[in-house]
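Working notes, structure below.
Index from 1, following the sequence.
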Amino acid sequence: MDIHASLAALCQGSGPSGREGEVLQIAAELLRPLVDEVWTDRFGNLIGLRRCGKPDAKRVVLDAHLDEVGLLITGAEEGFLRFRSVGGIDPRMLPNREVTLLTDPPTFGLVAVLPPHVQKPGDSNKSVSLDELFIDAGLPQEAGEKLVGTFAVPRSFFQGHLNGVVSAKAMDDRAGFVSLLRTLELLKDTSLDVDLYIMGSSREETNGGGALVGSFGIRPHCFVAVDVTFARTPDSPKDDTFPSGQGPAIGIGPNITRWMSDRLIRKAKAMDLSWSPEVMSGNTGTNAWRVQTAREGVATAVLSIPLKYMHSPVETLDLGDLESASALLAAFVKDLAAEGVEHFAD
């Protein structure tokens with residue numbers, strides 16, 4: 001598969017949390033050739049299944065969420081649209097930002113900002129809160145009022161940089177989903193001893209309910225949340241960030257089942273694959289946090305791809321890290337039932 005093209009297609013699609021329909025369709029078309037069956041559950045999760053053909057096979061879920069952070073229109077003043085955030089939007093990056101209003105057809109807008117000539121002294125040095133911002137879509141008041149309840153996403157373009165680095169909106173977590181597609185491709189000619197489920201989950205950015213509901217229905221014996229983590233930049237805290245271009249981060253902590261993190265580490269070492277330990281002492285901020293309490297409990301792990309500028313329209317990552325994450329996932333899944341039989345409860 002063409003990782004670059006698949007990631008570009010997904011990131012260009014719109015899918016704010018709770019309104020993932022467009023990106024879900026794109027993801028389904030990419031997933032369908034790689035699995036035996038594809039469906040969407042009642043909570044908007046995309047699920048693909050590759051059967052191993054063995055009776056009473058253990059069920060393994062690899063998950064990456066398809067939703068992205070966005071905006072929701074709440075009102076209009078003189079045609080200018082008020083809005084709230086859907087997920088963790090950073091208001092500092094919104095002024096002057098182009099957005100796509102998810103009308104039918106989509107509408108172009110931009111987040112209005114006062115020019116420096118008419119700002120009060122000192123205002124140019126201050127961040128602007130969400131309740132002070134408006135979207136200008138060139139609308140009269142009556143038309144603006146009709147858009148209350150409409151979702152919007154930042155408008156950006158998929159960009160290639162030097163040395164295999166790319167940037168776009170919604171890399172969190174479309175990059176994770178592409179790593180799952182690549183994992184399936186790597187396992188294409190490999191016999192499995194588990195039924196492998198791929199889940200493109202909904203609503204992670206707001207409540208994590210998609211993965212929880214999806215896992216409740218699948219009843220997995222184990223679950224790997226594939227997400228992004230914070231890549232290192234010159235101004236970032238070194239203890240909480242990870243080097244870009246040096247492989248994925250493997251979660252370690254109370255939310256993560258010990259045998260699963262140990263297996264990921266063991267496989268990475270056997271492959272001589274670069275990786276980083278990510279200590280997660282509490283809530284991992286991933287779907288693993290909710291899924292571990294589905295039904296009677298699910299064994300969970302977290303594997304993360306380092307990402308710069310998270311929750312912005314210019315999220316940036318190294319495609320080599322995505323490829324490494326995929327190789328590690330493939331190694332984790334191969335011979336999983338045979339090598340980990342003592343860990344699986346009926």
Side-chain angles (χ1 to χ4, degrees), residues 4-27 29 44 65-119 124 127-161 166-175 177 202-203 205-206 309-316:
H4 191 282
S6 297
L7 186 55
L10 287 167
C11 289
Q12 292 291 90
S14 297
S17 192
R19 291 293 186 277
E20 297 90 351
E22 179 183 333
V23 70
L24 188 148
Q25 291 182 21
I26 298 169
E29 291 306 308
H65 67 88
L66 289 173
D67 63 314
E68 62 185 295
V69 296
L71 309 171
L72 181 61
I73 306 305
T74 60
E77 294 184 24
E78 300 180 33
F80 291 83
L81 304 174
R82 284 198 173 277
F83 59 89
R84 295 177 186 167
S85 64
V86 177
I89 284 277
D90 185 346
R92 296 175 302 170
M93 64 86 182
L94 287 174
N96 291 324
R97 177 65 59 186
E98 297 177 346
V99 299
T100 301
L101 298 164
L102 302 185
T103 52
D104 186 17
T107 305
F108 172 83
L110 55 87
V111 181
V113 63
L114 282 174
H117 314 73
V118 294
Q119 291 181 15
S124 60
S127 297
V128 183
S129 62
L130 281 174
D131 59 7
E132 297 177 285
L133 295 172
F134 296 86
I135 293 174
D136 184 357
L139 300 172
Q141 177 64 13
E142 184 177 354
E145 291 173 353
K146 292 180 179 178
L147 292 185
V148 172
T150 299
F151 284 71
V153 293
R155 188 167 180 259
S156 74
F157 299 95
F158 190 90
Q159 301 284 351
H161 302 272
V166 293
S167 65
K169 73 172 182 64
M171 292 281 188
D172 175 12
D173 186 31
R174 314 279 166 80
F177 190 79
S202 67
R203 310 190 206 190
E205 296 292 0
T206 49
Y309 325 126
M310 196 179 296
H311 287 194
S312 82
V314 291
E315 295 177 335
T316 302

How many angstroms lie between [atom1] in [X] and [atom2] in [Y], if you round to the nearest 0.5 Å?
{"X": "L81", "Y": "T150", "atom1": "CG", "atom2": "OG1", "value": "8.5 Å"}
{"X": "L139", "Y": "K146", "atom1": "CG", "atom2": "NZ", "value": "11.0 Å"}
{"X": "E145", "Y": "I73", "atom1": "CD", "atom2": "CD1", "value": "13.0 Å"}
{"X": "R19", "Y": "R203", "atom1": "CZ", "atom2": "CZ", "value": "8.0 Å"}
{"X": "L24", "Y": "F177", "atom1": "CG", "atom2": "CZ", "value": "8.5 Å"}

Would you give me the side-chain donor-acceptor pairs under 3.5 Å for residues 7-18, sequence neighbours excluded?
from	atom 1	to	atom 2	distance (Å)
Q12	OE1	F158	N	3.4
S17	OG	D67	OD2	3.1
S17	OG	T206	OG1	2.7

Specify the closest pair of heavy atoms between [X] and [Y], including all atoms of both residues, with the distance to one decimal.
{"X": "I89", "Y": "M93", "answer": "CD1-CE, 3.7 Å"}
{"X": "K169", "Y": "E315", "answer": "C-OE1, 4.1 Å"}
{"X": "P106", "Y": "T100", "answer": "CB-CG2, 3.7 Å"}
{"X": "L101", "Y": "A137", "answer": "CD1-CB, 3.8 Å"}

Pairing residues for P95 by the side-chain contact (heavy atoms from CB on, under 4.5 Å) criterion, not counting sequence neighbours: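 side-chain contact (heavy atoms from CB on, under 4.5 Å) check on P95 returns V113, L133.
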Partners meeting side-chain contact (heavy atoms from CB on, under 4.5 Å) with L72 (sequence neighbours left out):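 In terms of side-chain contact (heavy atoms from CB on, under 4.5 Å), with neighbours along the sequence ignored, L72 is linked to V86, F151.
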Any V314 side-chain heavy atom under 4.5 Å of Q159 side chain: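 With C-beta onward as the side chain, the pair stays apart.
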Distance-only donor-acceptor check, side chains E29 and Q25, under 3.5 Å: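 Absent: no donor and acceptor within the cut-off.
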Flag for H65-E20: side-chain donor and acceptor within less than 3.5 Å: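 There is no such pair (donor and acceptor under 3.5 Å, judged by atom type) between the side chains of E20 and H65.
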Intermediate values then yes/no, side-chain contact (heavy atoms from CB on, under 4.5 Å), R84 and L130: CA-CA 7 Å; R84 295 177 186 167; L130 281 174; 5.9 Å; no
